[in-house]
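For reference, the structure discussed in these notes is given below.
FYI, side chains are in, hydrogens and waters are out, and symmetry mates aren't considered; it's all heavy atoms of this structure. Convention: sequence-line order gives letters A, B, ...; per-chain numbering from 1.
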Amino acid sequence: MAKILAIDTSTDACSVALSYDNSICDRFMMAPSAHTKFILPMIDEILSEADLDYKQLDAIAFGQGPGSFTGIRLAASVAQGLAFSSKLPVIGISTLRALAQEVFVELGLAQVLVAQDARMQEVYWGEYRADSFEIMQAIAPDRLIRPSEANFDHREDFVGIGSGFGVYQEFFAKNMVKFVAKQYVQAKYVVQLAADDFFKGKEKVVVAEKALPVYLREKVAWV
Amino acid sequence: MIILGIETSCDETGVAIYDTERHLLAHKLHSQIKLHAEFGGVVPELASRDHVRKLLPLVKEVLLEAEITLQDLDAIAYTAGPGLVGALMVGAAFAKSMGLVLKIPAIPVHHMEAHLLAPFLEPSPPQFPFLALLVSGGHTELIEASSFGEYKILGETLDDAVGEAFDKVAKILGLPYPGGPVLAKLAEKGNKNRFIFPRAMLKRGLNFSFSGLKTCALQHFKEFGNAEQTKADIAFAFQEAAVDSLVIKCRRAIKEHNFTQLVVAGGVSANTRLREQLNIMGKEAGVVVYYPRLEFCTDNGAMIAYAGARHFMAGKKTDMEIKVYPRWEM
């Protein structure tokens, strides 16, 4: 397994994970508005415990978004700083995909629709299915939609996850039988997915300056 | 020692490399003016998004230009405040993460202290103690700089910053964003004798007020119309009053505290009329006036690198927390 350090600060949770020697270790804590305080000490700690230096890693991964703008920008900036200084490539992982991977690993749900609350009557929407290697893959691009724009055709067997299903419960209840309340992204799933991307040598493995957040909401200012 | 300086507090991404022996080795700046122009002001979220795109490419450029590698760096300095929290956080997170890997300190720098130290990047710098006039879109302060790290605010604006007043009046006159420098240019064509605007709080104290002056400009604009010449006349009268207020308070501070040097910094220190009048006042009062070179009047990475170098030499300790202080008192 590739040696990858992953971080995520896209939600109120703050987490780091490290894959090496066919195992994954991680740190996870709730840290609303305090990611800046904990993220670097957590990274430092997990590497020291594994007795690894940055230069021995194969890549840096980060929860790329969608999520809190400040949070995903923090993760991108940290990923850039770490990767540039240690001459490592970066892998950005969709936070929706990481949530999907989590419920697959923990609950065995192989087909999920992810809806994270994006405020302003919108959700970040993702559609995921596990492949034969037990890795969640997108079957449609992540996007920003109004709940009413969600398409449930051929999605009858899918289970909903994410904060959006709670917030827009009234709407989603009409269309979906089942949803699981999961909303805090964990780096240990980011690192699993990154290891898969790294193994496949996807175009997702990029140089540090290409490690940029994926906001999905592009219009943020009005004249 | 060699230090990388990073500035991301507002709408410019600035990066520089400073060497305490060879001085400034390289500096680069990316301005976001075009990005914010259609909104008539800085949009914080857009500013943050641009910093995260531009910062690392600029860092690579300065390393190349300075002909050094990452291993040559002894420290990194970043603007920790005051400024826009999201924008500050980009520079802070990047700097701290680099510091962690390279095992060198990432030093938080006060943006206004860095402005105040910018003239030290020039060949014949001032020496402590001195009086500093910090004038920009966010600040108007008279500061007693007794020694490095020891500053006392003697006077400040009670309402608008002077640069803010320039920009607002420019907006009233329908000038393109950011209006301050455009207004100064227009003032050159103004009739000196047509309007005279009041100077606020002249009688005593070292504080400033510019919002009344802005209102005065607005009233004149409404009353006398928007003919090109009238706009130039208003621009002239506004600039004269604003500059006069700054000069008068400087002169008073110099007299009261017996300063022999005046340092002028911040975006408005690029204003030609202000420089003329301060130079005249300086001669009369027997004070040497120092300015940064024009490109270092506005936000830049060079002043951050320089300020960081001084803190490094003074033995400032750092930790792993990504610290930003959006409202950092000096």
Worksheet item: With chain A, which of B:Leu100, B:Leu55, B:Val43 has the greatest number of heavy-atom pairs at distances under 4.5 Å?
Response: B:Leu100
Item to complete: Check whether B:Leu70 gets within reach of chain A through its side chain, its backbone, both or neither, counting any heavy atom under 4.5 Å.
Response: side chain
Worksheet entry | Choice from B:Gly86, B:Pro44, B:Pro57, B:Ser48 maximising heavy atom contacts with chain A below 4.5 Å | B:Ser48
Worksheet item: Side chain, backbone, both or neither: which part of B:Leu63 has a heavy atom under 4.5 Å from chain A?
Response: side chain
Discussion item. Could you check whether any side-chain heavy atom of A:Gln80 comes within less than 4.5 Å of a side-chain heavy atom of B:Val52, counting everything from C-beta outward?
Written reply: yes
Practice prompt. Provide the closest heavy-atom pair for A:Ser77 versus B:Ala93 in the form atom of the first, atom of the second, distance.
Written response: CB-CB, 3.7 Å
Item to complete: With the side chain counted from C-beta on, respond yes when B:Lys103 and A:Asp53 share a heavy-atom pair under 4.5 Å apart, and no when they do not.
Response: yes
Worksheet entry | When B:Lys60, B:Glu38, B:Arg49 are compared by non-hydrogen pairs under 4.5 Å with chain A, the top option | B:Arg49
Discussion item. At a heavy-atom distance under 4.5 Å, which candidate from A:Leu82, A:Leu74, A:Leu212 has the highest pair count against chain B?
Written reply: A:Leu82
Worksheet entry | Any A:Glu45 side-chain heavy atom under 4.5 Å of B:Met320 side chain | no
Worksheet item: Looking at A:His35, A:Lys37, A:Arg73, which has the largest count of heavy-atom pairs under 4.5 Å with chain B?
Response: A:Arg73
Worksheet item: Is there a side-chain contact between B:Val101 and A:Lys55 (heavy atoms, below 4.5 Å)?
Response: yes
Worksheet item: Where on B:Val324 is there a heavy atom nearer than 4.5 Å to chain A: the side chain, the backbone, both, or neither?
Response: neither
Discussion item. Show the nearest heavy-atom pair for residues A:Glu209 and B:Leu56, with the distance to one decimal.
Written reply: N-CD2, 3.4 Å
